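All values reported here derive from a predicted model rather than from experimental measurement. Chain identifiers are assigned alphabetically (A, B, ...) following the order of the sequence lines, protein sequences preceding nucleic acid strands; residue numbering begins at 1 within each chain. Hydrogens, waters and symmetry mates are skipped; everything else that's a heavy atom, side chains included, is used.
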Number of protein chains: 2
Amino acid sequence: MRKLRHQKRDNSASNRGQMAVVAILTAARDVLVEEGYPRLTMRNVATRAGITVGNLSYYYANKRDLMHDLVEAVLQGYFEDFEKITDNLEISPEERFEEMVRFIIGDLATKETTGFFPALWALANHDAFAAQEMAHIYQMERDSLAKVIGQLRPDLGKKERDLLALFISASMEGHTMFVGYRRDKASAIAEVTNIAVYSFLTLVKSIEARSIRGLKPVGKSAGKRLAS
Amino acid sequence: MRKLRHQKRDNSASNRGQMAVVAILTAARDVLVEEGYPRLTMRNVATRAGITVGNLSYYYANKRDLMHDLVEAVLQGYFEDFEKITDNLEISPEERFEEMVRFIIGDLATKETTGFFPALWALANHDAFAAQEMAHIYQMERDSLAKVIGQLRPDLGKKERDLLALFISASMEGHTMFVGYRRDKASAIAEVTNIAVYSFLTLVKSIEARSIRGLKPVGKSAGKRLAS
DNA sequence: CGCAATCTAGGACGATCGTCCTATATCAGG
DNA sequence: CCTGATATAGGACGATCGTCCTAGATTGCG
């Protein structure tokens, strides 16, 4: 977890210390969400947490460790959410699938998610740890989806189920920038969610393996150029 | 366009000056794509463009103007691409729709797009200009899609066509983080593209207006919390 | 109470940032 | 060829960054 500078042992983690760490991580998340990554500085985090830079450096000796814990803490919340939905066996697979879709799209419209995840995606392009944590959480999301897809389509092989889960998961994430918190099309979230449920359910129930393998090649792009 | 400090008039735009601006914007894009937004500094841009900071500030008096032109220049390229595809009347609407899907997913897998767009999305959360430019380019993408959707489904109203275009466009963008350049699932891009073509085409051809309006409420999320 | 562990504030440091200024160098038109 | 417009280099400036150090306050426990 946290890396103290003056550490003798870290296992103690006193009450005061634990609360301070939570306050720091919450402050860091809020700075990132409300002001963006460039303004996620040690001083801004400390100020929002109500402490000084010197004190912050007692809990986090460097910014990298702070980012480390921040990413882990935020993503940890989703692990618990996915487990809850996946383990809900009181409803049919179809209902469970719909609930997953509605949960994910509903979540991505929150201020925290709309602010945090695009920053995470950008970070993952150049930060190996962020990329790894991101891959981890999405793998879990896909596993949850693939499980339900398997119940809906027992005839499909694992590879096909995983590809469907990948397509559906990726598709949902894309809506963050459009129906997310205060984004252009936020007012259309209800309709978009309905289309998503209909579309993904139709896809899962109707697709055949041969449509996945396909015959046509991937469209080639010339790659974006600047100012023609 | 560019805002010189010593400007008497900007209309001239000599050959040397134009080439310098292109070199600067290309350098800026490359820095952003390869090193990320935090390292997009005036000095890094200048170095990559083969000039000095002092010289860079002759062409761009401040960083804001440089970012302005960079975003505009990159997005301008897509305007031209969309026009080409939309205006291609030699193929059927269904083929045109498929071409659009394959073009967009193919493009998002390029190094430039995978690097640039997540940075743009994150920026748009806290930069009004980036948000506006982003809204502009995606509106055009949706217009192109909605046009073809209208040819595929003349019975649908404009509102429904726009919502379908929104859903499809947003869904495709989401794949950037998964099948994009050097991303986890890049090797699955062919299969994912096939699923996308199948799924979007099935959606457009089969959905009824009542499935969009829907009856069920949007899934509520408790909002992400930190460290339970 | 007393003392060691824990926590906190404040300031310093070198590095890097955006911006700005000035002195030359290069170019194009008369 | 000369002269004004354009382009370029080099360095300076104050601000802000991550990091570090030290002295003192607070806490929990024997």
Side-chain angles (χ1 to χ4, degrees), chain A residues 1-25 27-28 31-32 35-70 119 123 126-127 129, chain B residues 1-28 31-32 35-70 123 126-127 129:
Chain A
M1 178 85 67
R2 61 193 162 120
K3 280 94 178 185
L4 309 187
R5 189 195 321 284
H6 317 76
Q7 61 187 355
K8 300 296 164 76
R9 53 217 158 115
D10 194 17
N11 56 357
S12 65
S14 75
N15 252 349
R16 240 163 105 217
Q18 276 184 335
M19 283 176 56
V21 168
V22 170
I24 288 167
L25 294 179
V31 172
L32 181 60
E35 306 183 38
Y37 186 77
R39 306 197 58 168
L40 183 62
T41 68
M42 300 296 271
R43 282 170 178 83
N44 281 344
V45 171
T47 300
R48 196 177 281 252
I51 62 179
T52 61
V53 219
N55 194 9
L56 174 56
S57 79
Y58 172 79
Y59 292 97
Y60 289 99
N62 56 66
K63 188 178 179 179
R64 193 177 157 277
D65 291 342
L66 173 58
M67 284 298 301
H68 219 85
D69 273 18
L70 172 60
L123 201 62
H126 309 98
D127 181 323
F129 175 75
Chain B
M1 178 83 69
R2 60 191 164 123
K3 281 94 175 185
L4 309 187
R5 190 196 319 286
H6 318 76
Q7 62 188 357
K8 299 292 163 79
R9 56 222 154 110
D10 194 17
N11 55 357
S12 66
S14 75
N15 253 346
R16 240 163 106 216
Q18 276 184 335
M19 284 176 56
V21 168
V22 170
I24 288 168
L25 294 179
T26 303
V31 172
L32 181 59
E35 305 183 38
Y37 186 78
R39 304 197 60 169
L40 183 61
T41 68
M42 300 296 270
R43 282 171 179 80
N44 280 344
V45 171
T47 300
R48 194 177 281 251
I51 61 178
T52 61
V53 219
N55 195 10
L56 175 56
S57 81
Y58 171 78
Y59 292 98
Y60 288 99
N62 56 66
K63 188 178 179 178
R64 194 176 157 278
D65 291 342
L66 173 59
M67 284 298 301
H68 219 85
D69 273 19
L70 171 61
L123 200 62
H126 310 97
D127 181 323
F129 174 75

_Any side-chain N or O of N62(B) below 4.0 angstrom from OP1/OP2 of dG18(C)?_
no
*salt bridge (charged side-chain N to carboxylate O under 4.0 Å, His left out): which pairs involve residues 46-60 of chain B, sequence neighbours left out?*
E34(B)-R48(B), E35(B)-R48(B)
*What pairs with T41(B) under side chain to side chain contact (heavy atoms under 4.5 Å, CB included), at least two apart in sequence or on another chain?*
R43(B), N44(B)
*Can you see which heavy atom on L32(B) is nearest to which on L40(B), and at what distance?*
N-CD1, 4.1 Å
*Which residues share a side chain to side chain contact (heavy atoms under 4.5 Å, CB included) with A49(B), sequence neighbours left out*: I24(B), A27(B), I51(B)
*Rounding to a whole Å, what distance do you find between L66(B):CG and dG18(C):C1'?*
12 Å
*Might you point out which heavy atoms bring G54(A) and S57(A) nearest each other, and give the distance in Å?*
O-OG, 2.9 Å
_So if I take residues 46-53 of chain B and measure heavy-atom distances to DNA chain C, which residues fall below 4.0 Å?_
V53(B)
*asked:* With a 4.0 Å limit, can you tell me whether Y59(B) has a side-chain N or O closer than that to the phosphate oxygens OP1/OP2 of dT8(D)?
replied: yes
*asked:* Using side-chain heavy atoms (C-beta onward) and a distance below 4.5 Å, is Y60(A) in contact with L25(A)?
replied: yes
_Between dG10(C) (C1') and L56(A) (CG): distance, integer Å_ = 14 Å
_Please list all pairs meeting salt bridge (charged side-chain N to carboxylate O under 4.0 Å, His left out) that have one or both residues in residues 53-64 of chain B, counting only residues at least two apart or in different chains._
none
_Whole-Å distance separating the OH atom of Y60(B) from the P atom of dA7(D)_ = 13 Å
*asked:* Quick check on dA7(D): is either OP1 or OP2 less than 4.0 Å from any side-chain nitrogen or oxygen of Y58(B)?
replied: yes
_If you take any heavy atom closer than 4.0 Å to DNA chain C, which residues from residues 35-44 of chain B end up in contact?_
L40(B), T41(B), M42(B), R43(B)
*Are the side chains of D127(B) and M67(B) in touch, meaning some heavy atoms are under 4.5 Å apart?*
no
*Looking only at non-hydrogen atoms, find the nearest pair between V53(B) and A46(B) and report the distance.*
N-CB, 3.9 Å
*Can you tell me the distance, in whole Å, between the CE atom of M19(A) and the P atom of dT26(D)?*
17 Å
*Gap between atoms CG and C1', on N55(B) and dT24(C) respectively (whole Å)*: 13 Å
